[in-house]
Amino acid sequence: RRRVTTQFFLQSSSSLPTRLDGRLFSTAASSDEKTTTTTSSPTDDDEDDDEMLMKIKVERKKKKNFEMRKDKRRLLLARQKRKRLMVGMAKAVDRGQYAVTYNPGGVNGTMFEAKSGLPSSSSFLVLGIESSCDDTGAAIVRSSDGCILGEALASQTEIHEEFGGVVPGLARDAHEDKIDQVIQQALERAGLSSIDEVDAIGVTVGPGLEICLRVGCNTARELAIKYNKPFVGVHHLEAHILMARLPYQNTEKNKDEDDDDEEDTSTTTTTTVQQPPLATEESTTTNEAEEHHPHFLLFPQDIPLQFPFLALLVSGGHCQLMKCLGIGQYKILGGTIDDSLGEAYDKTARLLGLKVGGGGGPAVEKLALDGDPNAIKLSVPMERRREDLDFSYAGLKTQVRMAAEKMKLEKKEGEQEELSYQDRANIAASFQNVAIKHLEQRLNRAMERLEKEETASIRSLAVVGGVAANKELRSRLEAICKEREWKMFVPPPRLCTDQGAMSAWAAIERLMVGSSDEPEGAEVYARYPFANHDDDDDGDDSDSSGDEEET
């Protein structure tokens, strides 16, 4: 800056006036000439000064723009380098590239802090709020037995159906319109008159659509501050996983159903998590519940699924295999390198012209019932190319599109929607068969590796996420578990999808280990990966790029 300014003055010293102590001087071009006083008019001097300042400002702006372009180029090159390093690696896995990760227990996973306090009673009620995508949910869950006292859910299926997918802006507006009503309905169905009667509040803070997450988080934060309640920021994927640990106790309402389920599971090594009891008029308060349940207080050993266990998470945005070591402690074994299984179902549904307002998975599953799973030859993704535990569904989606186009050309049909019903059913069935076969291969490989480990005696599998509601998927994975003598835990279909009970139960699990968050300044995160925790020093490949710079 000095160099530019000095050069400017030297070049124009013969013509520019100089102002000193209120007097006007003109500098001669030659150093031998004597400086004399001039009587320039104030108007001319001001114009010259303005012109000089304008030129200086232009030079400064050029230099600033140059530096900005230089910084932008540097950031772009760094981003491209990170992308090249991560080509072919599973998404949503922390390798040091994320500034924020989910790690409530600190470095060793067990240093929990009750930043906003804990419930005063060993048995408590939690309000859970969910707004991560296109469903507004709220529920009141009791910590002692996992009983869902009351819940409400506002679906946005009709809003997004015409667009073939979720529109974030419309989803946010729908959340804002319904969230207060949904919370009030959950309270009323639980027999509560006010938020003051619950003991803690949990809300999903990520991952998900940021503008939708903010609606639920802001509401929960305001309620926690207003009523002075412990606040828990719930991780959406952990909430799905922990639904497989939701305890179940017999009630008069569904005692017969439970007896039937006990007969079914007594001869097999697989278990399906039963529907948690809903509140009845006879047991809506904590004191009355104690009278009906002799062993009312919940201890860790009362939960059917114990840590550690293997989890297969299959949802609309994620597809991961992970070793679950404890609350907030997860080791990612494998994940999708492109599309998740839920995304593949949605895109296949749109390709076949199905209505996807309620999700492409149920639509494809229903259509596949009438099709032949072997009618169309599709290859299993990465069957021989990679021996790891990662998934890939982008190629399968392309295979389905090309198969449909080939059928159109062969039959000389004009549009995709004009394929015959049987043709579309065959495509759906063939896709679903290969998609699940890809899961089976990866799952068998993960089970084999865990069976060889001497330090961990893991023989339990939790299948969670929205796609876990698929009946074909459940039955085929159950057959694998039965063959390998593993136990499989799957939430009821309605609890596989997003709802308020999952946020409430995840908050209960966090509170039971002495963990809560500060409501003031609580943030939401569109991307919120688990911090990788190892139960041993086996040097997993997923941590090989841990020295990459943060974004």
- [ ] Check step by step if side-chain hydrogen bond (donor to acceptor under 3.5 Å, both in side chains) holds for Y525 and E210.
- [x] CA-CA 6 Å; Y525 308 98; E210 185 174 344; over 6 Å; no
Task: side chain to side chain contact (heavy atoms under 4.5 Å, CB included) evaluation trace for V232 with I201 - done: CA-CA 6 Å; V232 179; I201 298 174; over 6 Å; no
- [ ] List the steps, then state whether side-chain hydrogen bond (donor to acceptor under 3.5 Å, both in side chains) holds for S123 with S121.
- [x] CA-CA 5 Å; S123 176; S121 172; 5.3 Å; no
TODO: In sequence, state the C-alpha distance, the side-chain angles, and the governing distance for K91 and D338, and then conclude on salt bridge (Lys or Arg N to Asp or Glu O under 4.0 Å).
DONE: CA-CA 7 Å; K91 300 191 301 181; D338 39 59; over 6 Å; no
TODO: Give the C-alpha distance, both sets of side-chain angles, the deciding distance and a yes or no for side chain to side chain contact (heavy atoms under 4.5 Å, CB included) between L461 and F489.
DONE: CA-CA 6 Å; L461 171 69; F489 296 81; over 6 Å; no
TODO: Go through R476 and N433 one step at a time and tell me if the side-chain hydrogen bond (donor to acceptor under 3.5 Å, both in side chains) criterion holds.
DONE: CA-CA 10 Å; R476 287 171 63 168; N433 177 46; 3.1 Å; yes
- [ ] Please report the C-alpha distance between D498 and H236 in whole Å, then the side-chain angles of each, then the deciding distance to 0.1 Å, and finally whether the side-chain hydrogen bond (donor to acceptor under 3.5 Å, both in side chains) criterion is met.
- [x] CA-CA 9 Å; D498 297 348; H236 185 65; 3.2 Å; yes
Task: Criterion salt bridge (Lys or Arg N to Asp or Glu O under 4.0 Å) on R449 and E453, from CA distance to verdict - done: CA-CA 7 Å; R449 292 184 184 182; E453 289 185 2; over 6 Å; no
Task: D346/R350 under salt bridge (Lys or Arg N to Asp or Glu O under 4.0 Å): CA gap, chis, key distance, verdict - done: CA-CA 6 Å; D346 289 341; R350 285 194 289 270; 5.4 Å; no
Task: salt bridge (Lys or Arg N to Asp or Glu O under 4.0 Å) between E478 and K471, worked out - done: CA-CA 10 Å; E478 185 175 350; K471 293 181 180 179; over 6 Å; no
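A donor-acceptor pair under 3.5 Å is formed between the side chain of S340 and the backbone N or O of G316. With hydrogens and angles ignored, the 3.5 Å screen pairs a side-chain donor or acceptor of Q97 with a backbone N or O of R95. A donor-acceptor distance shorter than 3.5 angstrom exists from the side chain of E238 to the backbone of G328, with no hydrogens or angles considered. One N or O on the side chain of W505 and one on the backbone of L242 form a donor-acceptor pair closer than 3.5 Å. Looking at H318, its side chain never comes within 3.5 Å of a backbone N or O of A92 through a donor-acceptor pair. A side-chain donor-acceptor contact under 3.5 Å links Q499 to the backbone of L495. Under a 3.5 Å cut-off, the side chain of S516 and the backbone N or O of S116 do form a donor-acceptor pair. Between the side chain of R474 and the main chain of A468, a donor-acceptor pair closer than 3.5 Å is present. Here the side chain of R142 pairs no donor or acceptor atom with the backbone of C147 at under 3.5 angstrom.
In this structure, E451 places its CD atom where more than 12 heavy-atom neighbours from other residues, nucleotides or ligands lie under 6.0 Å away. By the neighbour-count criterion of 12 heavy atoms within 6.0 Å, atom CG of N228 is sparsely surrounded, having that number or fewer from other residues, nucleotides or ligands. Around atom NZ of K115, no more than 12 heavy atoms belonging to other residues, nucleotides or ligands sit under 6.0 Å away.
The OG1 atom of T497 lies 8.0 Å from the NE2 atom of H240; values are rounded to the nearest 0.5 Å. Note that the CG atom of L389 and the CD1 atom of I332 stand 11.5 Å from one another [nearest 0.5 Å]. Between the NE2 atom of H438 and the CG atom of L378 there is a distance of 13.5 Å, given to the nearest 0.5 Å. Between H175 atom NE2 and R172 atom CZ the span is 10.5 Å, to the nearest 0.5 Å. The line from CZ of R214 to OG1 of T219 is 12.0 Å long, rounded to the nearest 0.5 Å. In this structure, CZ in F309 is found 6.5 Å from CD1 in I241, a value given to the nearest 0.5 Å.
Judged by distance alone, the side chains of R484 and N444 do bring a donor and an acceptor atom under 3.5 Å apart. Using modelled atom types and a 3.5 Å distance limit, the side chains of E343 and Y393 yield no donor-acceptor pair. Side-chain atoms of Q329 and N103 form no donor-acceptor pair, as typed in the model, at a separation below 3.5 Å. In this structure, a donor-acceptor pair under 3.5 Å is present between the side chains of S379 and Q399. A side-chain N or O of E383 and one of Q441 form a donor-acceptor pair less than 3.5 Å apart.
Residues L213 and P207 come closest through the heavy atom pair CD1-C, 4.1 Å. Between A462 and L305, the closest heavy-atom pair is CB-CD2, 3.9 Å. For H533 against N108, the heavy-atom pair with the smallest separation is CE1-C, 4.3 Å. Nearest heavy-atom pair, D135 versus Q156, reported as atom, atom and distance to 0.1 Å: OD1-N, 3.8 Å. Closest approach of C496 and A469 over heavy atoms only: SG-N, 4.0 Å. Residues R245 and Q306 share a closest heavy-atom pair of NH1-CA, 3.9 Å.
Between M447 and W486, some side-chain heavy-atom pair lies under the 4.5 Å cut-off. Under the 4.5 Å side-chain criterion, counting only non-hydrogen atoms from C-beta, V126 is not in contact with V141. Side chains of D390 and T336 form no contact here, defined as non-hydrogen atoms less than 4.5 Å apart. The shortest distance between side-chain heavy atoms of I327 and R510 falls below 4.5 Å. Between L511 and F124 there is a side-chain heavy-atom pair separated by less than 4.5 Å. Proximity of L450 to K323: side-chain heavy atoms (C-beta onward) are separated by under 4.5 Å at one or more points. Under the 4.5 Å side-chain criterion, counting only non-hydrogen atoms from C-beta, I225 is in contact with E520. Within the 4.5 Å cutoff, no side-chain heavy atoms of V464 are placed close to those of V490.
The only member of S503, S131, S132 that meets side-chain hydrogen bond (donor to acceptor under 3.5 Å, both in side chains) when paired with T204 is S503. Screening D339, V400, T398, V364 against K347 for a side-chain contact (heavy atoms from CB on, under 4.5 Å) leaves a single residue, D339. Each of D199, D517, D196 was checked for a salt bridge (Lys or Arg N to Asp or Glu O under 4.0 Å) with K229, and the lone residue meeting it is D196.
Taking the six-membered ring wherever Trp is involved, the centroid distance between the rings of Y345 and F431 falls below 6.0 Å. Checked against the 6.0 Å centroid threshold, F530 and H235 count as a close aromatic pair.
A salt bridge between R442 and D388 is present, with a side-chain N of the basic residue lying under 4.0 Å from a carboxylate O of the acidic one.
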